[in-house]
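Here is the structure we will look at.
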Amino acid sequence: MIEGPNLTKHLNKFNRLTLELDSIGVKIEKEDQAIILLVSLPSSYEHLRTTLIYGKDTLGLDEVVATLISYATMKKKESGKHLEGNAMVALENDQGRGR
């Protein structure tokens, strides 16, 4: 996956590829799929990847996908709050309030 905000596209592509492999008889265990998915993520997911891989004895695909979606949602909300805060400061400065 290239760096960027579109985790959903990456997950859809990953699911499509695993379904195609399954349709031609290549079976990949769910735990292996989870590891492949984590390894396919960009470097911005390094901390999350390390936490998920080394924090458990077994790794479930559903758990990994749910964690990734939750993490991406949280990051999106945080970045929106950061942008809103900057816009307020710029607006106050433009009005000459000097705060």
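Hydrogens, waters and symmetry mates are skipped; everything else that's a heavy atom, side chains included, is used.
Ser70 places no side-chain N or O within donor-acceptor distance of the main-chain N or O of Ala66, the cut-off being under 3.5 Å. For Asn15 (side chain) and Leu11 (main-chain N/O), a donor-acceptor pair under 3.5 Å exists by modelled atom type.
In this structure, the side chain to side chain contact (heavy atoms under 4.5 Å, CB included) partners of Lys30, at least two apart in sequence or on a different chain, are Gln33, Leu61.
The two residues Tyr71 and Ser44 come nearest to each other via the heavy atoms OH-O, 3.8 Å.
How far NZ of Lys9 is from CZ of Arg16: 11.0 Å, rounded to the nearest 0.5 Å. Atoms CD1 and NZ, from Ile24 and Lys27 in turn, are 10.5 Å apart once rounded to the nearest 0.5 Å.
Using a 4.5 Å cut-off between side-chain heavy atoms of Ile, Leu, Val, Met, Phe, Trp and Tyr, with links allowed through other members, Ile69 and Leu38 fall into the same hydrophobic cluster. Hydrophobic clustering (ILVMFWY, side-chain heavy atoms < 4.5 Å, transitive): Leu59 and Val39 are in one cluster. Grouping the Ile, Leu, Val, Met, Phe, Trp and Tyr side chains by contacts below 4.5 angstrom, directly or via other members, places Leu37 apart from Leu19.
Considering only heavy atoms from C-beta on, Lys13 stays 4.5 Å or farther from His10 through its side chain. Side-chain contact between Phe14 and Ile36: present, with at least one pair of heavy atoms (C-beta onward) separated by less than 4.5 Å. Between Val64 and Ile35 the shortest side-chain heavy-atom distance does not fall below 4.5 Å. Looking only at side-chain heavy atoms (C-beta outward), Thr18 and Val26 stay at 4.5 Å or farther from each other. Between Thr67 and Thr51 there is no side-chain heavy-atom pair separated by less than 4.5 Å.
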Q: Quick one: do Leu68 and Tyr45 satisfy side chain to side chain contact (heavy atoms under 4.5 Å, CB included)? Show the steps, please.
A: CA-CA 9 Å; Leu68 289 173; Tyr45 287 85; 4.0 Å; yes

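More than 12 heavy atoms of other residues, nucleotides or ligands shown are found within 6.0 angstrom of CD on Glu20.
Considering Leu41, Val65, Asn12 in turn, Leu41 is the only one that fulfils the side chain to side chain contact (heavy atoms under 4.5 Å, CB included) rule with Leu7.
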